[in-house]
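Since the structure is predicted, the reported quantities are computational estimates derived from the model, not experimental observations.
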Amino acid sequence: MDRVFKALADPTRRFVLDTLRENNGRTLGELCESVQMTRQSLTQHLGVLEAARLVSTVRKGREKLHYLNPVPLHEIQERWISAFDRPRLDALSALKQKAESAMSAENEPRPEFVHTTYIAATPEKVWECLMDPEATAAYWFHHNVSDWQPGSPWAHRRLDESGIDDVVGTVVEIEAPRRLVLTWAGPDEERPDGPSRVTFELKPYGDTVQLTVTHVNLRDEKELRQISGGWSFVLSSLKSYAETGKALPLPAWGA
């Protein structure tokens, strides 16, 4: 928490976060242009933001993209705001977001979901949790089924005997235990712009693993809201399972 407040105390770093909030997933060069600062100076500010977990990075080819990670800000909200007047603040926040979304919808890029979490386990352990159908059954309540080879199909299959796949796709990239890229769509879903794509990236971070999940090519803000809650729960359940061997209980909406 001290690192978060230290990072937020500087107006330049707050401006960087505002810039990422408006247009997430930016390269260092793009941020330098927006902030009007040299690469060396901005790199130092980004180092402080990454140490505070307010910014996470994802490699895309030769480029490194920077994303706003709202989790530490949410923790501050939970500690100092939620206990006082959360319903009213939530209502005002929703109204503000709706108004801003309506004004800028035509110019907004296709929405993306990015979530970073830190798991007290080895990269190999977390990777096994992503690959093993029995592990995904425990924390994701589906079997993830594939031979996990580039170009192979994969399926997110229900645990009952119906054999129904709720999500299907193709293994685009796989590099154990670092990176997994999957296409993602419903079995009979028609998507004019093609299936969405999910990327899992694992990086050692001290005694933990930094896991970043990116879900791109979403249709609109509605689909972003729909998948955000599900991903947040699944990744929290994965963290619990990898660290303790016990997943979170299935929420009421998932029953």
Side-chain angles (χ1 to χ4, degrees), residues 17-26 54-56 58 60 65-75 77-78 81-82 86-117 130 136 139-142 144 154-158 164-170 172 180-201 211-239 248 250-255:
L17 295 178
D18 285 336
T19 301
L20 292 176
R21 178 178 62 85
E22 295 171 1
N23 191 0
N24 221 2
R26 309 191 78 176
L54 289 166
V55 167
S56 59
V58 175
K60 189 174 183 180
L65 304 183
H66 297 79
Y67 289 89
L68 170 65
N69 178 28
V71 174
L73 299 176
H74 177 70
E75 291 172 350
Q77 177 194 11
E78 289 293 308
I81 297 176
S82 298
R86 181 164 186 171
R88 187 180 303 173
L89 291 172
D90 284 348
L92 291 173
S93 177
L95 178 61
K96 176 177 180 292
Q97 292 177 10
K98 184 175 181 180
E100 291 176 345
S101 176
M103 292 177 64
S104 61
E106 294 184 358
N107 299 320
E108 281 293 313
R110 190 171 295 276
E112 299 181 351
F113 172 84
V114 180
H115 185 100
T116 299
T117 189
L130 295 173
T136 60
Y139 70 84
W140 208 339
F141 311 105
H142 282 71
N144 282 356
W154 81 281
H156 190 56
R157 186 165 297 161
R158 296 183 185 180
I164 295 175
D165 297 331
D166 287 322
V167 181
V168 295
T170 301
V172 180
L180 174 66
V181 183
L182 308 170
T183 61
W184 182 287
D188 301 314
E189 187 177 14
E190 295 184 4
R191 301 182 69 98
D193 295 318
S196 61
R197 181 175 293 203
V198 176
T199 301
F200 300 84
E201 287 198 305
L211 171 63
T212 299
V213 176
T214 309
H215 197 157
V216 302
N217 199 33
L218 302 172
R219 286 196 187 95
D220 48 33
E221 293 294 333
K222 180 180 179 181
E223 185 172 39
L224 174 61
R225 290 193 298 271
Q226 289 173 341
I227 64 99
S228 293
W231 273 123
S232 295
F233 173 81
V234 167
L235 296 175
S236 295
S237 189
L238 165 59
K239 174 179 170 66
L248 300 182
L250 182 65
W253 50 261

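- Using modelled atom types, no side-chain atom of Asp165 and backbone atom of Val167 make a donor-acceptor pair closer than 3.5 Å.
- In terms of modelled atom types and a separation under 3.5 Å, the side chain of Thr183 and the main chain of Gly169 share no donor-acceptor contact.
- Among residues two or more places apart in sequence or in another chain, the side chain to side chain donor-acceptor pair (under 3.5 Å) test is passed with Gln226 by none.
- Every residue meeting the ring pair (Phe, Tyr, Trp, His ring centres under 6.0 Å) condition with Trp184, not counting sequence neighbours, appears here in chain and number order: Trp154, His215, Trp231.
- The two residues Pro72 and Leu54 come nearest to each other via the heavy atoms CB-CD2, 4.0 Å.
- Contacts of Ser228 classified as side chain to side chain contact (heavy atoms under 4.5 Å, CB included), with partners at least two apart in sequence or in another chain: Phe113, Leu224.
- In this structure, Arg26 has no salt bridge (Lys or Arg N to Asp or Glu O under 4.0 Å) partners at least two apart in sequence or on a different chain.
- Of the possible polar contacts, one joining the Ser236 side chain to the Ser232 backbone as a donor-acceptor pair under 3.5 Å is found.
- Evaluation of the side chain to side chain donor-acceptor pair (under 3.5 Å) rule for Arg225 yields no partner, not counting sequence neighbours.
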Show, in sequence, the C-alpha distance, side-chain angles and deciding distance for Asp193 and Asn217, and conclude whether the side-chain contact (heavy atoms from CB on, under 4.5 Å) test is met. CA-CA 8 Å; Asp193 295 318; Asn217 199 33; 4.1 Å; yes

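- Contacts of Thr116 classified as side chain to side chain donor-acceptor pair (under 3.5 Å), with partners at least two apart in sequence or in another chain: Ser56, Thr212.
- Considering only heavy atoms from C-beta on, Tyr139 stays 4.5 Å or farther from Leu248 through its side chain.
- Here His66 pairs with nothing under the ring pair (Phe, Tyr, Trp, His ring centres under 6.0 Å) rule; sequence neighbours left out.
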With side-chain contact (heavy atoms from CB on, under 4.5 Å) as the test, would you mind laying out the steps for Leu17 and Thr19 before giving the verdict? CA-CA 5 Å; Leu17 295 178; Thr19 301; over 6 Å; no

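- Residue Leu218 comes nearest to Ser196 through the heavy atom pair CD2-CB, 4.3 Å, listed as atom of the first residue, atom of the second, then distance.
- Counting heavy atoms from C-beta on, the side chains of Val213 and Leu235 come closer than 4.5 Å.
- Glu223 and Arg191 are joined by a salt bridge, as a carboxylate oxygen and a charged side-chain nitrogen come within less than 4.0 angstrom of each other.
- Glu189 and Arg219 are joined by a salt bridge, as a carboxylate oxygen and a charged side-chain nitrogen come within less than 4.0 angstrom of each other.
- Here Asp166 contributes atom CG and Ile164 contributes atom CD1; the two are 7.0 Å apart, rounded to the nearest 0.5 Å.
- Legend: residues meeting side chain to side chain contact (heavy atoms under 4.5 Å, CB included) with Asn24, ordered by chain and number and at least two apart, are Leu20, Tyr67, Leu68.
- Every residue two or more places apart in sequence or in another chain that forms a side chain to side chain contact (heavy atoms under 4.5 Å, CB included) with Thr117 is listed here: His115, Ile119, Leu211, Lys239.
- Distance alone, capped at 3.5 Å, is enough to place a donor-acceptor pair between the Thr136 side chain and the His142 backbone.
- One finds the CG atom of Leu130 at 8.5 Å from the CG atom of Asn144 (value rounded to the nearest 0.5 Å).
- Contact check for Val172 versus Arg197: side-chain heavy atoms found under the 4.5 Å cut-off.
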